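First listed ligand is number 1; within each ligand, the first listed atom is number 1. Every value quoted in this text rests on a predicted model; they were computed, and no experiment measured them.
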Amino acid sequence: MALDKEQRIIELRDAIRRHDRLYYVEARPEVDDRAYDRLLKELQDLETAHPELVTPDSPTQRVSGTPIGTFRTVPHARPMLSLANTYTREEVEDFDRRVREGLEGAVVRYVCELKYDGVAMSITYKDNQLALAATRGDGESGDDVTQNMRTLRSIPLVVAKQPNLSLASIENELSLNISSFEVRGEVFMLTADFIELNRVIEEREEKPYANPRNLTAGTLKQKDSRAVAARPLQFVAYFLATDDVKLTSHFDNIAILSSVGFPTSSATRRCSSLEEVFEFINDWDEKRDTLPFAIDGIVIKVDSLRQQDELGFVARSPRWAIAYKYESKKAETLLRDITLQVGRTGVVTPVAELEPVLLAGSTISRATLHNEDYIHELDLRIGDTVIVEKGGDVIPKVSGVVVAKRPADATPWHMPHVCPCPHKSPLHRPEGEAQWYCNDGTCPWQTRRTLQHFASRDAMDIDGLGDKSIDQLIDAGLLATIADIYALSQRRDEILALDRWAPKSFDRLAAGIERSKQQPYARVLFALGIRFVGEGVAKLLARAFPSIDLLQGASKDDLTNINDIGERIADSVIDYFSETPNKTLIELLRASGLQLEGEASAPVSQKFAGLTFVLTGELVSMTRREAEERIEALGGKASGSVSKKTSYLVAGESAGSKLTKAQELGVKVLSEAELKEMIDSSY
Ligand code: IVH
């Protein structure tokens, strides 16, 4: 009896996997949704009755019900590189020449692919099972997003020989012998899905995403895989590596991937000549608007894997592949007005208010004009017909004026010299700078930006506190500083008395505020909006100064001793903490229970206490960051610049000026192996 059930479970799983593949990968479903749901329901019921028969690769196990706390960082088996960009025919010809020279005139074939504008992903299979999915991160290690990637039904949880596949080609024969391998590809979103999701997001009064790539990245960062499952993420595979068999051709690898059930692009072509490559480029330049997703160019790769190996890498990019980026899309539209935007640090930026126009898949109605000089250089006038352009990076810009279409009465634009806010404080433009500033510390527009930034998704991510709510709460006098956010929960009656607020939305806000208290210390640092302290710098600071008190007490030297922290950032941090209102704010945030200390950064031992290391050149056995972390874990310090105080300079491959300086100063120089020995003998 149990055997029958077991047999039925196996049948159901196979059938569901097959239908997933037919629907999500091959776009030729054989059954309708109801028939599919019936199979899934039958499987779920059987598994509920026989929990001992549930396996992780069952189609019922795609979505986990348990949200994860933080994403683990995992090293990549092979570094994830990026591509050098080209923009002209000549640059592509140069690439071809370098390849041929590097291969001493051997015959070269190229593979041309679409360059998907999404998020790079590495997926590792062990014994045919999906074992790990990781983002690119810094190329050496990325975030473990396995739980989220499992929800994509186009990605097989288990790869096995499919009985109904025709296994004609050698590639397919080969694929049967591969069981542990790494697939790389791009996670992306269809333009239509992006527009629809953004509409829903805006309806909920949350900030819409600028483009499908950001929405994809935001989705992959979700802690709860149920939220990911609800979003239509796509995947396309464009890389395979394995130690199981000897692979020879990139083009064949794509065929293998396709044969075992991964989505691949049908646009991919093998080209025997540069002429064919250009045909591919031109062909897709014309057709790219008809694609249901965004591409920002094409990728040209040497087909032979032996030749790829021979060519190798330079810095972070392979010599055997290159991206060709398409020219940006342009459109004409009317410049209705030029308004001023006040940033949280008081920078006043002119913004073009445009007649909405569709440009490469999204509607543009506003674009930054950077500063006064930019407008004068273009001689932009209100009422002009302007050219808007969108490059690969999706942020639209106004790049020119159609002077022939200028109305007779259009007059040159002049920068107002007062702030657009109700205070109307005077603006200043410091000597030698292009920006105007509002120096009024109580400027309500600055406050608004500070609060918006603090609550935003990448900062404290406060659910229920969108831009519109912030405006409304400021107007109602309930919000004037960041600290006020943490008093909002006690002002239920006043908030409920406002327009559009209901007990449910208030509860959501209160819960969002409460949850934000758990945001890690580095996020809090970023959220404060200290000038020049972006997400990356906030992480560096949090790592070097494990509590806000230590950071507050840091001297300029302490700060600039950290790798990648320069004087500009150091000055800004010191200025910030020297201002009384900011000191008061920190105390109020402490009292509200925010995380102002890092977790688990205490050194493992103090073997390296008092020692300062400077790392230079390329390390082989570990990344520089790993080396720094290990030094810090032993109580040592990693610094970016060599001085007399430096204890050791660790010289990796092709070390340059820092090594020379260390030798001049008589600083002891270690090889990578010597550093490793010191570290290993310290535990
Ligand atoms: S190959 C060294 N192929 O572009 C090989 N990348 O700058 C690197 N991308 O991080 C990857 N479509 O996110 C490759 N067909 C394609 C691609 C592609 C999009 C992205 C990928 C990568 C970036 C390279």
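- Annotation: atom 8 (C) of ligand 1 to nearest protein heavy atom, Leu81 O, 3.8 Å.
- Residue contact check for ligand 1: Asp117 places no non-hydrogen atom closer than 4.0 Å to it.
- Each of the atoms 3 (N), 15 (N), 16 (C) of ligand 1 lies under 4.0 Å from some heavy atom of Glu113.
- Of the candidates Tyr116, Phe188, Tyr238, Tyr238 brings a heavy atom nearest to atom 22 (C) of ligand 1.
- Using a 4.0 Å cut-off between a side-chain N of Lys or Arg and a carboxylate O of Asp or Glu, Asp94 and Arg97 qualify as a salt bridge.
- Judged by the shortest distance from any of its heavy atoms, Pro318 lies inside the 4.0 Å radius around the atoms of ligand 1.
- Residue contact check: Leu114 has heavy atoms under 4.0 Å from atoms 12 (N), 15 (N), 16 (C) of ligand 1.
- Within a 6.0 Å radius of NZ in Lys126, other residues, nucleotides and ligands contribute 12 heavy atoms or fewer.
- Applying the 4.0 Å criterion to heavy atoms of Val299 picks out, from ligand 1, the atoms 3 (N), 15 (N), 16 (C), 17 (C).
- Remark: Glu276 does not engage Arg269 in a salt bridge, criterion side-chain N to carboxylate O under 4.0 Å.
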Practice problem: List the steps, then state whether salt bridge (Lys or Arg N to Asp or Glu O under 4.0 Å) holds for Glu310 with Arg306. | Solution: CA-CA 6 Å; Glu310 231 169 286; Arg306 190 179 44 74; 3.3 Å; yes
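- The aromatic rings of Trp284 and Phe280 sit tilted relative to each other, their planes meeting at an angle between 30° and 60°.
- Of the listed options Lys301, Met80, Lys115, Lys301 places a heavy atom closest to atom 3 (N) of ligand 1.
- Checking only distances, Gly118 never comes within under 3.5 Å of ligand 1, N or O to N or O.
- None of Leu215, Asp193, Leu220 except one satisfies the side chain to side chain contact (heavy atoms under 4.5 Å, CB included) rule with Arg231; the exception is Leu215.
- Nearest to atom 13 (O) of ligand 1 among the protein's heavy atoms is Glu186 OE1, 2.7 Å.
- Between Arg89 and Glu93 there is a salt bridge, since a side-chain N of the basic residue sits under 4.0 Å from a carboxylate O of the acidic one.
- When the heavy-atom distances from atom 7 (O) of ligand 1 to Ile254, Ile298, Leu83 are ranked, the shortest goes to Leu83.
- Judged by distance alone, the side chain of Asp303 and the main-chain N or O of Phe251 form a donor-acceptor pair under 3.5 Å.
- For ligand 1 and Ala120, the ligand atoms under 4.0 Å from any heavy atom of the residue are 10 (O), 13 (O).
- Ligand 1 has no N or O atom lying under 3.5 Å from any N or O atom of Val119, backbone or side chain.
- Taking the six-membered ring where tryptophan is involved, the planes of Phe95 and Tyr110 are tilted, since the angle between them lies from 30° to 60°.
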